[in-house]
Number of protein chains: 2
Amino acid sequence: MTDDQHPKSDDFAARSGKNRPKYVQVSDLLIREIKAGHWREGERLPVEAELAVELKVAVGTLRKALTLLESEGLLERRQGSGTYVKKPPKEAAYQLFRLELLQGGGTPHAKTLAVRKEKNSEVARVFGVSSSTLFWRIERKRFLNETPIAAEEMWIRGSHAKQLTAEELDESLYRHYREHFGFWISHVEDRIRLDFCTPWSADILNKESGAPLGWIERISWSSQDSVEEYSRTWFDPDVCHYVSRMA
Amino acid sequence: MTDDQHPKSDDFAARSGKNRPKYVQVSDLLIREIKAGHWREGERLPVEAELAVELKVAVGTLRKALTLLESEGLLERRQGSGTYVKKPPKEAAYQLFRLELLQGGGTPHAKTLAVRKEKNSEVARVFGVSSSTLFWRIERKRFLNETPIAAEEMWIRGSHAKQLTAEELDESLYRHYREHFGFWISHVEDRIRLDFCTPWSADILNKESGAPLGWIERISWSSQDSVEEYSRTWFDPDVCHYVSRMA
DNA sequence: AGGAATTTGTGCGTATGTATC
DNA sequence: AGATACATACGCACAAATTCC
């Protein structure tokens with residue numbers, strides 16, 4: 001870290017074309033260190049006093065950077081204990097799942113029905129790649145408290161795995177992505193429409209063909225803002241509904 | 001503000017049974033001042049140095065309190081200018097509206113059909129009040145780009161107005177609440193289900209009775225976490241869909 | 001247009017409280 | 001109980017943005 005109190009031409013500022021405050025530069029530096037694997041998930045960082053000396057900044061400045069990173073979810077700070085690299089949320093497996101039983105709640109659960117590699121020009125358009133690109137297509141049946149509630153098909157980039165079978169896929173695909181493919185979903189966009197039972201969904205949901213269904217089309221992005229998943233979920237409106245909270 | 005650096009028995013701590021940090025006490029104090037109308041919306045607060053002296057805290061401590069209040073959306077701080085009491089967002093009229101045309105987008109627009117005062121025990125339960133409480137019930141027709149897309153009925157507390165007619169209600173009820181009733185909606189929860197055209201909704205949406213419809217049940221809270229609105233929206237799935245983004 | 005005054009933002013350093021180990 | 005580590009609090013100097021003349 002450069003020691004000019006109000007930097008005007010250090011490395012980062014020069015590259016980014018901006019005059020970023022020193023505490024932001026420090027936080028950027030720490031982000032790079034963490035992503036480069038300098039500290040592992042869950043590992044404790046050096047204590048503030050040490051790190052401040054090492055980076056040649058005042059403790060207060062370092063603290064501001066650490067606080068910023070904590071607010072962004074990359075670090076966890078515990079008084080009396082230390083500052084830790086935060087693990088991607090383990091319990092967040094179903095954090096982005098928005099279906100609930102009509103009476104409220106329910107524990108999500110999924111069963112993989114089929115996995116195959118294929119091309120799909122419509123899906124390729126969503127991902128913004130060439131229509132000859134191969135995707136993994138995964139079909140699943142979803143439950144809340146053992147009640148079948150939805151049929152689902154999803155696509156991810158074929159490049160993530162050479163082989164992929166139903167057996168090796170986790171309950172939570174999001175966790176599988178993180179632990180086996182090295183990325184994780186940070187935000188999604190859902191469109192909820194109305195559709196009708198096809199023979200496929202009727203079979204899975206045990207409904208008569210042609211009955212009305214809720215239909216969720218989801219695009220999922222990684223924290224780098226790249227599209228990493230596209231999915232379609234047909235849910236049975238007799239047993240569940242979609243819940244959305246916003247501020 | 002008490003001047004013990006690490007307060008152990010000031011007014012607030014005594015009342016709350018906790019030892020709150022001084023900067024939190026300061027922010028609590030400022031919240032009370034603002035709510036009491038000591039400073040109006042948009043008005044500038046005294047400069048940091050003055051306010052710090054007045055409250056008998058260090059400037060840094062005051063700054064931490066002000067930063068906290070800014071993060072909570074009560075204040076706005078502008079370098080070189082001052083610290084201002086934030087006005088509730090004007091442009092947020094349709095911020096919480098989540099229906100879009102199937103092809104995407106569309107400008108929201110609403111027409112009030114009927115307004116009347118009535119009791120409704122089901123609605124009273126949502127508000128958490130006695131079932132004999134009177135509510136205003138407002139029926140509206142919603143459009144996107146002049147296309148009729150939804151029929152809506154909503155309830156608000158009867159106590160907000162003695163009289164209320166369709167003519168005096170704004171396009172945006174949320175704005176009307178803010179400007180005439182003195183509260184505003186800060187967060188909502190939607191449940192999206194499937195329903196079918198009733199004679200009423202069929203008439204408004206120009207559909208045949210019994211056709212499937214999307215159904216949104218919404219509970220809206222003010223920033224004080226009190227339920228202030230309950231609404232039901234039936235939307236035509238042939239022309240629009242519900243969109244939800246989350247991180 | 002431009003410079004001075006004002007006001008918040010950044011940065012430094014230190015002392016002490018409080019939670020954890 | 002003692003050592004360690006983060007949290008709070010104080011105060012000062014200067015930068016940057018805004019305002020005003």
Side-chain angles (χ1 to χ4, degrees), chain A residues 1-10 12-13 17-30 39 42-71 74-86, chain B residues 1-10 12-13 17-30 39 42-71 74-86:
Chain A
M1 191 52 42
T2 62
D3 57 354
D4 43 337
Q5 183 171 341
H6 295 276
K8 284 180 177 154
S9 62
D10 66 290
F12 193 91
K18 279 189 191 176
N19 249 351
R20 295 161 77 83
K22 190 178 277 192
Y23 73 90
V24 177
Q25 295 178 43
V26 170
S27 92
D28 287 340
L29 177 75
L30 293 173
W39 299 296
E43 196 174 346
R44 208 189 71 181
L45 268 59
V47 301
E48 293 177 350
E50 272 180 49
L51 202 49
V53 170
E54 193 180 322
L55 299 177
K56 300 201 180 90
V57 297
V59 181
T61 305
L62 173 65
R63 281 183 58 78
K64 214 167 169 182
L66 293 174
T67 304
L68 179 62
L69 290 178
E70 184 180 34
S71 78
L74 273 89
L75 294 179
E76 183 178 348
R77 318 192 68 213
R78 292 203 289 272
Q79 186 179 170
S81 176
T83 302
Y84 301 82
V85 179
K86 197 160 181 179
Chain B
M1 191 52 41
T2 62
D3 57 354
D4 43 337
Q5 184 172 340
H6 295 276
K8 285 179 175 154
S9 62
D10 65 289
F12 193 91
K18 279 189 190 178
N19 249 351
R20 294 163 78 83
K22 190 179 277 193
Y23 73 91
V24 178
Q25 296 177 44
V26 170
S27 92
D28 286 341
L29 177 74
L30 292 174
W39 299 295
E43 195 173 345
R44 208 190 70 182
L45 269 59
V47 300
E48 293 176 349
E50 271 180 49
L51 203 49
V53 170
E54 193 181 323
L55 299 176
K56 298 201 181 93
V57 297
V59 181
T61 304
L62 172 65
R63 284 183 55 80
K64 207 164 174 184
L66 294 174
T67 303
L68 178 63
L69 290 179
E70 184 181 34
S71 77
L74 274 90
L75 294 179
E76 183 178 348
R77 290 163 62 72
R78 292 202 289 272
Q79 186 178 166
S81 178
T83 302
Y84 302 81
V85 178
K86 197 161 182 179

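All heavy atoms count here, side chains included; hydrogens, waters and symmetry mates do not. Throughout, a chain's letter reflects where its sequence line sits, starting with A, and its residues are numbered from 1.
Glu43(B) contributes no side-chain N or O that, together with a main-chain N or O of Val85(B), makes up a donor-acceptor pair within less than 3.5 Å.
Among the atoms of the strands shown, only primed sugar atoms or phosphate atoms (P, OP1, OP2) are found under 4.0 Å from some heavy atom of Gly82(B).
Taking the screw axis at each terminus of the helix from dG2(C)-dC21(D) to dC21(C)-dG2(D) from five consecutive base pairs, the angle between the two is 20° to within rounding of 10 degrees.
Taking side-chain N and O atoms only, Arg78(A) has no distance below 4.0 Å to OP1 or OP2 of dT20(C). Under 4.0 angstrom from either OP1 or OP2 of dG17(C) there lies no side-chain N or O belonging to Lys22(B). For the pair Arg77(A) and dA5(D), the criterion of a side-chain N or O lying under 4.0 Å from OP1 or OP2 is not met. For dT7(C), neither phosphate oxygen OP1 nor OP2 lies less than 4.0 angstrom from any side-chain nitrogen or oxygen of Thr83(B). When the side-chain nitrogen and oxygen atoms of Lys64(A) are compared with OP1 and OP2 of dT10(C), one or more of them lie within a distance under 4.0 Å. The side chain of Ser81(B) places no N or O atom within less than 4.0 Å of a non-bridging phosphate oxygen (OP1 or OP2) of dT7(C).
For the pair Glu70(B) CD and dT7(C) C1', the computed distance is 14 Å after rounding to whole Å. Between the CZ atom of Arg20(B) and the C1' atom of dT18(C) there is a distance of 17 Å, rounded to whole Å. Straight-line distance from the OH atom of Tyr23(B) to the P atom of dG17(C): 18 Å, rounded to whole Å. The interatomic distance linking Leu68(B) (CG) with dA9(D) (P) rounds to 12 Å, in whole Å. dT10(C) atom P lies 16 Å from atom CZ of Arg63(A), rounded to whole Å. Per the geometry, CD belonging to Glu76(A) stands 14 Å off C1' belonging to dT20(C), to the nearest Å. Atoms NZ (Lys56(B)) and P (dG11(D)) sit 13 Å apart, rounded to a whole Å.
For Gln79(A), taking side-chain heavy atoms from C-beta onward, the closest of the listed nucleotides dA15(D), dG11(D), dC6(D) is dC6(D).
Interatomic distance, NZ of Lys56(A) versus OG1 of Thr61(A), reported as 15.0 Å (0.5 Å rounding). If you take CD on Gln25(B) and CG on Leu55(B), they are separated by 11.5 Å, rounding to the nearest 0.5 Å.
Contact record, Ala52(A) with Leu62(A): N-CD2, 3.6 Å, taken as the closest heavy-atom pair.
Using a 4.5 Å cut-off on side-chain heavy atoms (C-beta onward), Leu68(A) and Val26(A) make no contact. Counting heavy atoms from C-beta outward, Leu75(A) and Leu45(A) have side chains that approach closer than 4.5 Å. Between Thr67(B) and Tyr23(B) the shortest side-chain heavy-atom distance does not fall below 4.5 Å. The side-chain heavy atoms of Leu66(B) and Leu30(B), taken from C-beta on, include a pair separated by under 4.5 Å.
Closest-nucleotide positions on DNA chain C for Leu62(A) and Gly80(A) were compared, and the one nearer the 5' end corresponds to Leu62(A).
Residue pairs that meet the salt bridge (Lys or Arg N to Asp or Glu O under 4.0 Å) test with at least one member in residues 74-84 of chain A, sequence neighbours left out, are Glu48(A)-Arg77(A), Glu76(A)-Arg78(A).
For the segment residues 42-51 of chain B, no residue has any heavy atom less than 4.0 angstrom from an atom of DNA chain D.
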